[in-house]
2 protein chains.
Amino acid sequence: MRKGILELCILGIIEKEKEAYPSDIIQIMKKAEIIVVEGTLYPLLSRLKKGGLLQYKWVESNSGPPRKYYTLTGEGSQYYLELKASWFNLSESVSKIIK
Amino acid sequence: MRKGILELCILGIIEKEKEAYPSDIIQIMKKAEIIVVEGTLYPLLSRLKKGGLLQYKWVESNSGPPRKYYTLTGEGSQYYLELKASWFNLSESVSKIIK
DNA sequence: AACAGTACCTTGTGTTGCAAGGTACTGTTT
DNA sequence: AAACAGTACCTTGCAACACAAGGTACTGTT
């Protein structure tokens with residue numbers, strides 16, 4: 001059921017946080033009760049990066065290996081707005097059907 | 001994005017209409033602005049039938065070939081309630097993240 | 001030196017959705 | 001009667017997505 005919605009959530013988190021690294025994203029989503037695992041997240045982030053929607057920079061951490069901090073590109077922000085609009089439409093349509 | 005949500009919608013339509021045939025379902029969903037095509041719907045209905053959630057009966061039509069009218073089984077009604085609850089939870093979680 | 005913790009990543013599998021094809025029944029037109 | 005249009009059913013092959021289960025590598029602590 002959640003398929004495809006993860007992309008929306010991940011872009012949403014990066015937008016709200018300004019920047020985020022993968023393990024961070026997993027934690028934030030867990031708090032919102034959407035479980036996402038590494039095997040799902042990493043390929044998704046790579047895909048979004050490849051599509052020009054995200055960029056990243058390495059940042060040293062003082063509690064382990066360096067982190068890949070992702071941020072939205074201009075194109076990514078634009079795409080996120082569209083995706084968010086799609087979500088609201090879908091959500092509304094589903095409500096009509098199942099209410 | 002819509003992945004997995006079609007199942008919810010289809011069960012919802014059959015529940016609301018009491019019974020429905022595939023071409024019917026496509027039309028109803030189109031009105032709610034969710035496009036679903038035959039290549040998606042038929043396998044989905046077969047899967048739900050196989051899983052014991054739906055049953056069907058053939059009904060003669062006076063405007064073409066006979067129609068397969070689907071209805072929910074007891075198990076199907078139960079499953080639909082659970083799926084609907086999952087949808088509301090998901091919807092709520094997504095709102096938290098992207099609002 | 002060994003371990004625990006954190007962080008990154010890949011491979012292989014099952015599910016889902018869809019485009020593009022196909023069959024068959026009925027009523028209407030030629 | 002043959003051809004057509006309309007309705008309805010269904011299958012095949014492909015691509016995208018999510019995930020389980022593995023793996024690598026860096027840092028600080030025991």
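Each chain gets a letter, A, B and so on, in the order its sequence line appears, and its residues count up from 1.
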Atom pair distance, as rounded to whole Å: [atom1] in [X] and [atom2] in [N]:
| X | N | atom1 | atom2 | result |
| --- | --- | --- | --- | --- |
| L41(A) | dA18(D) | CG | C1' | 11 Å |
| I34(A) | dA18(D) | CD1 | C1' | 14 Å |
| Y42(A) | dT11(C) | OH | P | 16 Å |
| E60(B) | dA24(C) | CD | P | 17 Å |
| Y56(A) | dA7(C) | OH | P | 17 Å |
| K57(A) | dC8(C) | NZ | P | 14 Å |
| N62(A) | dT27(D) | CG | C1' | 10 Å |
| W58(A) | dC26(D) | CH2 | C1' | 11 Å |

Contacts of L6(B) and P43(A) projected onto DNA chain C by closest heavy atom; the upstream (5') one is P43(A)

Donor-acceptor pair under 3.5 Å: do we get one between E38(A)'s side chain and the base of dC9(C)? yes

Would you say the side chain of [Y] lies within less than 4.5 Å of the side chain of [X], judging by non-hydrogen atoms?
| X | Y | result |
| --- | --- | --- |
| E7(A) | L83(A) | yes |
| I26(A) | V37(A) | no |
| L6(A) | M29(A) | yes |
| Y79(B) | E75(B) | no |
| Y70(B) | L45(B) | yes |

For P66(B) and L44(A), take the nucleotide of DNA chain D holding the closest heavy atom to each; which residue's nucleotide lies nearer the 5' end?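 Closest to the 5' end, via its nearest nucleotide, is P66(B).
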
Side chain of R2(B), backbone of I35(B): donor and acceptor closer than 3.5 Å?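 Such a contact is found between R2(B) side chain and I35(B) backbone.
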
Using purine N1 to pyrimidine N3 plus N6-O4 or O6-N4 for Watson-Crick, or N1-O2 and O6-N3 for G-U wobble, both under 3.5 Å, which nucleotide pairs with dG14(C)? dC17(D)

Looking at dA25(D), which nucleotide sits across from it as a Watson-Crick or G-U wobble partner, both distances under 3.5 angstrom, or is there none? dT6(C)

Nearest to the side chain of [X], which nucleotide is it out of [options]?
| X | options | result |
| --- | --- | --- |
| R2(A) | dC19(D), dG17(C), dT6(C) | dC19(D) |
| P65(B) | dT16(C), dC9(C), dG6(D) | dG6(D) |
| V37(B) | dC9(D), dA19(C), dA7(C) | dA19(C) |
| K3(A) | dA8(D), dT15(C), dG17(C) | dT15(C) |

If you compare all heavy atoms of S91(A) against all heavy atoms of W87(B), which two are closest, and at what distance to 0.1 Å? CA-CZ2, 3.9 Å

Expected list for residues 8-20 of chain A: side-chain donor-acceptor pairs under 3.5 angstrom, two or more places apart:
| from | atom 1 | to | atom 2 | distance (Å) |
| --- | --- | --- | --- | --- |
| K16(A) | NZ | K96(B) | O | 3.4 |
| K16(A) | NZ | I97(B) | O | 3.4 |
| E19(A) | OE1 | K57(A) | NZ | 3.2 |

Under a 4.0 Å heavy-atom cut-off, which of residues 9-28 of chain A touch DNA chain C? Y21(A), P22(A), S23(A)

Would you mind classifying the nucleic acid contact of S63(B) as base, sugar-phosphate or nothing, using non-hydrogen atoms under 4.0 angstrom?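 Answer is sugar-phosphate: S63(B) comes under 4.0 Å of backbone atoms only.
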
